[in-house]
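This report refers to the structure that appears directly beneath it.
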Amino acid sequence: MHPRQARLEDVRPDRRVIVVGDNGLTLRFIKNLIDNFAFHVIAVIPAGPGGQRDEIRHTAQENRRLSVLETPHVDADTIREAGLTDAYAVALMDQDDVGNLHLALQIREMSHYLGDETLPRLVIRMYNRGLRDHMQKLLGDDGVFVKSDADMVARTYAAAALEQIPPGDIDIWGRRLYLARAADPRAQAQWVVATGNEFGVDMLPDDADEAVRLLCLEPEAARRWVRPAAEKVAQWFRQSLHTLRRTFSKGLWVAAAALMAVMLGGLTTLLTVNSLNANREVGGDFWDALYMLAMMAAGGADPDTTDHWELRLTHVVVVVSGALLIPVVTGAIVQAVVERRYALAEGRMVRAVRDHVIVVGLGNMGTRVVETLRERRVPVVAIEKDRDAIGVRAARAAGAQVLLGDASRPETLQEAEVKYSRSLVAMAKQDSANLETALSGLECKPDLRTVMRIYNPEFASLIRRNLNKGRSLHEASQHSSYSAPQVAAGSFARELTDDEILETIPVRGQIAYIAEVTVEEGAWLDDVPAHRATVPGSHRLLAVRRETGGIRWNPDAGFQIAHGDTLLVLVTRKGLNEVRAYCRAPGPAAAGPRRTGAGERAV
């Protein structure tokens, strides 16, 4: 655990985070910290107008957990003035990689100069992947988190494209968890996260009626992303047919068909006509006839004037046709090679694709979505207007096909085989372009699943509700739209939370967490049945890991919890504080809850 990572209630209400930046992501990041995690934030912004400074100032006026420090120039002295020595963490959120790195190095140097033995956490927003991968060499590993908002949001958009509920796959303790809207009979275990209706949701209720989110445990034997053999064969067959169609032009198809008809006619003749030459019988044996046909087509059979006229005619026609077939096949191969090179150079489709995801826009975020999908072995067709975009090369390196063109045009989407696609993900920088692309896709395929990147979260919510009009809360949404800064802000905020929080689950404006807490000797949960570790509306026990390493998922009511056990719990923010108190050894200032008798509920 990081030295500054004290228990949440030990440092309230003055747990302080210094945040540098004035963009949209910074604003939403600050709101996440003060609303969802109860941090006190000091926002360091340049003086004057620009960015989201007015919104940050307005938020500070309405929320006592936010203070604003305005300065003409942000440097290490400014961070010290903001309270560096007492800060739990410093978050550098500007859209300037070199500037963020420079400031981070200054902060580390100043912390050492001031004799600060417990260095504050550093959360650094960094776009450049090459630089990001080497940051630890400069700043060390202790409490330094270097993240890209593209990496943060790619998981959410990829999950939505695959009809999963964000955040998608949750890998914890060697098992996979996922979210569902209704009970899944395939799940080994499932727990209610939220119930609700059009008026709101209740988190971690006792009653499973009207459940809108369920956390499901995938069976151990299940394997994802492995296609059945029959489906693989069908896909190979479709791709082969598509390749043949593209290899042969219409003229070559006609020529090849005519020559093959001649060959079949020759084979029939060899099977049905006997030579008049008494010492050579031809008719009747298919393999002998096929052998002679091949030799004739290759010009390897000697003429024989004593043969019946039908055989001599067949010999002549087959030899001539064979001589013509060779350049036809050669031309087709050359044409295929040239067309493939031309297609790659011009950004055209080079092979057949089915059940794929179309990703529009190969900027920083769009490229990361492509890579995330390809890591899961999902076929991807990426569409980009700018042939010089850096993401074009990265997408091809990941194994995606790249189509250069305007995705708002139905012709471009049709070339991307939108009729056979799984979903369309619009990741351009402009909201209008993403909305136009999604509507063009629906024009080509009315039941197309769409995922849109929309900057403003309120606008994204309005689009999502209107496109999904008529669908109940328990049905999978056909259309999804997310604000990238909103998604990234939540992920960045989680980096500042205690190590116990492993995953964040958003449900219609509310949040549940998956956390792990260790039971101390003498704690209220030491030597009690497992059902005591669940309190509706607060926390729910998912699994128990023994000190020896054994794990019991969804333990029954009689399973006995002991000190040293690590509990995996589904909690609300308030419930996390409660379960920590229940797992802590009793002390003068930490009175645990009253032990209850059988049938009573802990309070």
Side-chain angles (χ1 to χ4, degrees), residues 129 147-181 184 186-187 215-232 234-236 238-239 351-384 391-403 416-418 420-427 448-453 476-478 480 482 484 487-488 491 502-505 514:
R129 181 176 298 178
K147 300 291 182 181
S148 162
D149 44 341
D151 292 332
M152 296 287 194
V153 305
R155 181 183 173 196
T156 294
Y157 286 104
L162 300 176
E163 300 184 54
Q164 298 176 334
I165 301 174
D169 294 345
I170 303 171
D171 295 314
I172 292 177
W173 288 8
R175 297 292 296 274
R176 174 183 172 266
L177 300 164
Y178 61 96
L179 293 168
R181 291 180 175 84
D184 186 352
R186 300 180 298 107
L215 182 65
C216 301
L217 175 66
E218 184 178 72
E220 233 172 342
R223 294 290 183 270
R224 289 179 60 81
W225 315 117
V226 178
R227 294 178 180 274
E231 188 177 348
K232 284 187 174 181
Q235 184 185 27
W236 175 85
R238 289 194 299 264
Q239 289 183 342
R351 62 181 181 273
V353 64
R354 294 291 187 276
D355 197 28
H356 57 292
V357 175
I358 299 174
V359 179
V360 179
L362 288 177
N364 199 32
M365 291 186 183
T367 303
R368 192 66 191 98
V369 171
V370 170
E371 291 172 340
T372 302
L373 291 168
R374 290 301 301 144
E375 287 167 4
R376 300 181 178 189
R377 301 185 181 277
V378 177
V380 176
V381 174
I383 303 178
E384 172 57 51
V392 171
R393 181 179 298 179
R396 284 175 174 162
Q401 294 194 76
V402 177
L403 181 59
E417 304 280 10
V418 67
Y420 305 104
S421 67
R422 183 185 301 192
S423 57
L424 184 149
V425 184
M427 295 297 296
L448 177 67
R449 179 176 180 79
T450 64
V451 183
M452 286 168 278
R453 170 188 175 185
S477 299
Q478 183 182 348
S480 302
Y482 301 101
V487 174
S491 299
L502 305 179
E503 190 59 76
T504 303
I505 301 175
I514 298 177

Inset, instruction - Could you pull out all residues at least two apart from Arg155 that satisfy salt bridge (Lys or Arg N to Asp or Glu O under 4.0 Å)? - result: Glu503
Legend entry - Pairwise distance CD(Glu417) to CD(Gln401) - rounded to 0.5 angstrom: 9.0 Å
Legend entry - Heavy-atom pair with the smallest gap, counting every atom of Ala180 and Cys216: CB-SG, 3.9 Å
Legend entry - Residues forming a ring-ring contact (aromatic ring centres under 6.0 Å, His included) with Tyr178, sequence neighbours excluded: none
Inset, instruction - Report yes or no: does His356 contribute a side-chain atom to a donor-acceptor pair with the main-chain N or O of Ala416 at less than 3.5 Å? - result: yes
Legend entry - Sequence-distant partners of Arg453, salt bridge (Lys or Arg N to Asp or Glu O under 4.0 Å), two or more places apart: none
Legend entry - For Ala159 against Gly168, the heavy-atom pair lying closest together: CB-CA, 3.7 Å
Inset, instruction - Applying side chain to side chain contact (heavy atoms under 4.5 Å, CB included), run through Leu215 and Leu179 and close with a yes or a no. - result: CA-CA 5 Å; Leu215 182 65; Leu179 293 168; 3.8 Å; yes
Legend entry - Contacts of type side chain to side chain contact (heavy atoms under 4.5 Å, CB included), residue Ala488, not counting sequence neighbours: Leu25, Asp149, Met152, Val153, Phe492
Inset, instruction - Taking the side chain as every heavy atom from C-beta outward, state whether Val357 and Val451 have any atom pair closer than 4.5 Å. - result: no
Inset, instruction - Go through the structure and list residues passing side chain to side chain donor-acceptor pair (under 3.5 Å) with Thr450, not counting sequence neighbours. - result: His479
Legend entry - Set of residues satisfying side chain to side chain contact (heavy atoms under 4.5 Å, CB included) with respect to Thr367, sequence neighbours excluded: Leu362, Glu371, Ala394
Legend entry - Between CD1 on residue Ile170 and CD on residue Gln164, distance to nearest 0.5 Å: 10.0 Å
Legend entry - Partners passing side chain to side chain donor-acceptor pair (under 3.5 Å) against Asn364 (at least two apart in sequence or in another chain): none
Legend entry - Whether Arg175 side chain and Glu218 backbone form a donor-acceptor pair below 3.5 Å: yes
Inset, instruction - To the nearest 0.5 Å, tell me how far Ser148 OG sits from Met365 CE. - result: 7.0 Å
Inset, instruction - Without swapping roles, check the side chain of Arg396 against the backbone of Ala400 for a donor-acceptor pair under 3.5 Å. - result: no
Inset, instruction - Ignoring hydrogens and angles, tell me if any N or O in the side chain of Tyr157 forms a donor-acceptor pair with the backbone of Tyr482 under 3.5 Å. - result: yes
Legend entry - Nearest non-hydrogen partners of Leu448 and Gln478, listed with the distance: O-NE2, 2.9 Å
Inset, instruction - Enter the distance from Ile358:CD1 to Ser421:OG here, rounded to the nearest 0.5 Å. - result: 4.0 Å
Inset, instruction - Kindly compute the distance separating CZ (Arg449) from CG (Leu424), expressed to the nearest 0.5 Å. - result: 11.5 Å
Inset, instruction - Report the C-alpha separation of Val380 and Val369 in whole Å, then their side-chain angles, then the decisive distance to 0.1 Å, and conclude whether the side chain to side chain contact (heavy atoms under 4.5 Å, CB included) test is met. - result: CA-CA 10 Å; Val380 176; Val369 171; over 6 Å; no
Legend entry - Arg368 side chain vs Ala150 backbone, donor-acceptor pair below 3.5 Å: no
Inset, instruction - Report the distance from atom OG of Ser480 to atom CD of Glu163, rounding to the nearest 0.5 Å. - result: 9.5 Å
